[in-house]
Amino acid sequence: MKNITIQLPDGSSVTRNSGMTAREILTSLNGSSLDAVVAARLNDRTVDLDCPVEEDASLAPVSLDSDEGLDILRHSISHVMAQAVQDLFPSVKVTIGPSIEDGFYYDFDYSEDAFTPEDLEKIEARMAEIIAADLPFTRSVLSVDEAITFFEERGEPYKVELLRDLAGETQEVTLYRQGDFVDLCRGPHIPSTGMIRSFKLLNVAGSYWRGDEHKARLQRIYGTGFASQEELDRYLALIEEAKKRDHRKLGRELDLFQINDEVGPGLIIFHPRGAMLRTIIEDWERKEHLKRGYGIVMGPQILKGELWKRSGHFDHYRENMYYTEVDDQVYGIKPMNCLSHMLIYKSRIRSYRDLPLRYFELGTVHRHEKTGVLHGLLRARQFTQDDAHILCTPEQLNDEIRSVVDFVDDAMKIFNFEYDVELSTRPDDSIGTDEEWDRATTALRTALDETGKDYDVNEGDGAFYGPKIDFKLRDALGRKWQCATIQCDFTLPERFDLSYVGPDGEKHRPVMLHRVILGAIERFMGVLIEHYAGALPLWLSPVQALILTVTDRHSPYGEEILQRLIEAGVRAEGDFRNEKLGFKIREGQLQKIPYMLVIGDREVESKTLAPRRRDGSKLDALTVDDFIALVREEAVAFR
RNA sequence: GCCGAUGUAGCUCAGCUGGUAGAGCAACUGAUUCGUAAUCAGUAGGUCCGCGGUUCAAAUCCGCGCAUCGGCUCCA
């Protein structure tokens with residue numbers, strides 16, 4: 001028998017017989033227990049513990065509580081769920097069931113009926129039995145043709161379809177079996193079902209086969225599992241906590257906005273405090289854009305249909321737009337702000353010396369979003385973008401993209417956000433030539449590479465007129481929302497015949513960037529509210545200070561300092577009701593107001609106020625002027 | 001748009017197998033004048049999402065809408 005050398009994670013190596021399984025090798029090491037080991041890492045692959053090791057290799061255990069281990073565990077639980085579902089509902093056809101961030105799902109074709117919440121309980125109970133039976137996961141290798149025959153006999157058309165697609169790429173596939181359930185699967189899996197110590201099915205949702213709305217409608221069951229019951233409980237508690245940060249709930253509780261059936265879905269009414277927050281953000285935007293060489297512009301809300309035809313929106317964006325008719329002319333209500341900006345550019349002859357031109361508009365747009373996608377402030381039918389269009393020479397493009405990336409980065413730091421970056425390339429339904437798309441995509445990619453940021457690529461996810469860089473923020477439940485985006489566009493300048501006179505005296509075509517920094521102000525506010533759980537930093541708080549009187553006799557003094565604070569630019573309000581102090585503090589606290597200013601006999605006497613911070617800490621009594629200075633300093637410090 | 005769930009007072013929710021609604025908080029009135037997260041008492045408040053249907057009788061059963069929630073598809 002041949003000897004092989006096994007490299008261990010600690011850097012040492014051991015010699016073993018070729019053909020020993022990963023499990024045998026790992027257990028042979030001193031003091032190694034495999035109780036919490038789900039799989040092994042063999043060189044750069046994760047494999048089953050039963051996998052034989054034939055050659056020299058590095059080998060490491062993959063433990064249940066590592067990211068990789070959890071992934072394998074959850075994938076295995078999804079198989080157990082599929083087994084339970086087929087036991088209970090024999091007519092169900094299985095499709096796919098991957099692990100995902102925080103859990104797993106499995107998509108089923110159960111066309112004759114729908115899974116109910118009660119069904120989930122039954123499925124969980126059956127899963128518990130399968131886990132108790134401690135069924136081993138066994139792997140087998142088949143040719144694609146054998147596998148097709150196997151799944152045809154089992155009446156699993158989706159698996160057959162997957163296999164037919166795989167046929168071009170590979171000769172052999174692997175199947176995993178536990179009990180009498182067999183699934184087409186790359187693996188690896190945990191050794192046996194008994195290793196599952198915690199799981200929970202979370203919800204049922206609709207989905208489509210292969211994510212295509214024209215293909216079969218499937219039912220997806222989401223679930224999760226952790227290395228231990230305690231971790232699962234902690235996760236479930238976290239989800240409950242996150243729900244309390246939901247901006248729709250906080251929006252009502254903090255009296256920021258409403259979305260009213262009588263008005264219509266996806267349309268937001270901002271209350272004074274919400275409108276205040278929005279105003280603060282918008283004022284910040286104007287200032288920042290002016291600092292960076294943008295000119296503020298404003299366009300009309302409706303533009304003639306002819307113009308939307310020329311831009312390509314009529315052909316590629318028609319179903320997302322609203323229309324109206326004025327004097328027998330069709331007008332499109334703008335879903336984007338670019339058209340006016342194009343016309344501003346065209347209003348006179350431009351020289352290369354004028355470029356880049358940067359037009360900024362807090363532009364309110366309307367888009368006919370499908371009903372099922374509306375989501376509070378995060379997905380509305382009317383929203384206001386911090387939109388700009390930059391027109392520049394091809395040579396300037398790279399610098400312009402980079403300065404926008406920097407702008408986004410600065411903004412995210414100021415608002416205290418982490419973000420993910422994605423590059424999206426040409427979609428099927430698009431305008432422009434391959435050459436233009438290549439140039440645009442390369443420009444974006446190059447600029448991104450130069451900044452050294454990590455990013456993912458979404459093939460085919462670009463806008464119809466150009467590729468884009470998206471910056472995504474996360475909401476309370478970890479769902480990603482696109483906020484900033486930079487879109488490169490060679491097409492609109494073409495369609496609108498934009499030009500500039502170059503140093504050579506000839507006409508040249510400028511390049512255009514569409515870009516937003518916060519994205520839609522509404523969406524950004526929604527994410528912001530969830531990010532801070534409603535407790536906005538001082539500079540963003542609609543109400544920065546609330547004056548609380550101890551008894552009625554302190555009201556005149558309260559009115560006086562309220563007036564002084566407001567005149568000094570502090571966003572202050574007073575609560576002079578005849579209520580106990582503790583009661584008023586509770587209300588102010590629930591409103592998440594940064595400072596409460598208590599005034600009683602002592603403060604009236606000494607002409608001071610006693611601040612209490614939102615975190616419950618108390619400050620020494622301050623004069624009104626000192627408090628104003630404190631607010632000014634702190635409000636700036638957050639920028 | 002698709003799949004599923006849900007829709008009862010301003011908010012959070014109860015209302016069993018059909019017999020036309022209830023709690024807590026909020027609001028209002030009165031008392032209390034109080035020092036850092038809920039003072040006490042009383043009063044009022046509802047086209048039970050809408051429209052049809054079944055029934056002697058519908059918040060409850062059925063149908064069709066509308067909206068919301070969770071996903072899918074799409075997207076700032």
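First the proteins, then the strands, lettered A, B, ... as listed; each starts at 1. All values derive from a computational prediction rather than experimental measurement.
With hydrogens and angles left out, the side chain of R220(A) and the base of C72(B) share no donor-acceptor pair within 3.5 Å.
Of all heavy-atom pairs spanning Y557(A) and T608(A), the tightest one is OH-O, 2.7 Å.
When the side-chain nitrogen and oxygen atoms of R602(A) are compared with OP1 and OP2 of G35(B), none of them lie within a distance under 4.0 Å. Contact check, R479(A) against C75(B): no side-chain N or O comes under 4.0 Å of OP1 or OP2. Within the structure, every side-chain polar atom (N or O) of K580(A) is placed at least 4.0 Å from both OP1 and OP2 of U36(B). Regarding contacts with the backbone of C75(B), every side-chain N or O of H375(A) stays at 4.0 angstrom or more from both OP1 and OP2. The phosphate of C34(B) has OP1 or OP2 within less than 4.0 Å of a side-chain N or O from R553(A). When the side-chain nitrogen and oxygen atoms of R612(A) are compared with OP1 and OP2 of A37(B), one or more of them lie within a distance under 4.0 Å.
Only R367(A), E369(A), K370(A), T371(A), G372(A), V373(A), L374(A), listed by number, bring a heavy atom of residues 360-374 of chain A to less than 4.0 angstrom from any atom of RNA chain B. Contacts between residues 260-274 of chain A and RNA chain B, counted as heavy-atom distances below 4.0 Å, involve D261(A), P265(A).
G65(B) and C3(B) have their P atoms separated by 11 Å, with the value rounded to a whole Å. Nucleotides C25(B) and U6(B) place their C1' atoms 23 Å apart, quoted to the nearest Å. A distance of about 13 Å separates the C1' atoms of U20(B) and U8(B), rounded to the whole Å. Here the separation of U60(B) from G18(B), taken at their C1' atoms, is 6 Å to the nearest Å.
Note on R474(A) versus E101(A): salt bridge recorded, some NZ/NE/NH1/NH2 to OD/OE distance being below 4.0 Å.
The only option from Y110(A), F104(A), F108(A) that meets the ring-ring contact (aromatic ring centres under 6.0 Å, His included) definition with Y106(A) turns out to be F108(A).
F383(A) comes within contact range of at least one nucleobase, with a heavy-atom separation under 4.0 Å.
Side-chain proximity of S207(A) to the nucleotides C72(B), U33(B), A38(B) is greatest for C72(B). The side chain of L590(A) approaches A37(B) more closely than any other nucleotide in the set U73(B), A37(B), U39(B). Distances were taken from every side-chain heavy atom of Y208(A) (C-beta onward) to each of C72(B), A37(B), C3(B); the shortest belongs to C72(B).
How far CH2 of W308(A) is from CD1 of I302(A): 11.0 Å, rounded to the nearest 0.5 Å.
As the counterpart of C34(B), no nucleotide is assigned, since no Watson-Crick or G-U wobble pattern has both distances under 3.5 Å. In a base pair of the Watson-Crick type (N1 to N3 plus N6-O4 or O6-N4) or a G-U wobble (N1-O2 and O6-N3), with each distance short of 3.5 Å, G42(B) is matched with C28(B). The nucleotide C48(B) finds no pairing partner, because no Watson-Crick or G-U wobble arrangement with both distances shorter than 3.5 Å includes it.
In this entry the distance linking CD1 of I599(A) with C1' of U36(B) reads 14 Å, nearest Å.
Enclosure of atom CG in D212(A) by more than 12 non-hydrogen atoms of other residues, nucleotides or ligands within 6.0 angstrom is indicated.
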* List the protein contact pattern of nucleotides 12-17 of chain B with one symbol per nucleotide (5' to 3'): B for base contact, S for sugar-phosphate-only contact, - for none; contact means a heavy-atom distance under 4.0 Å. => S-----

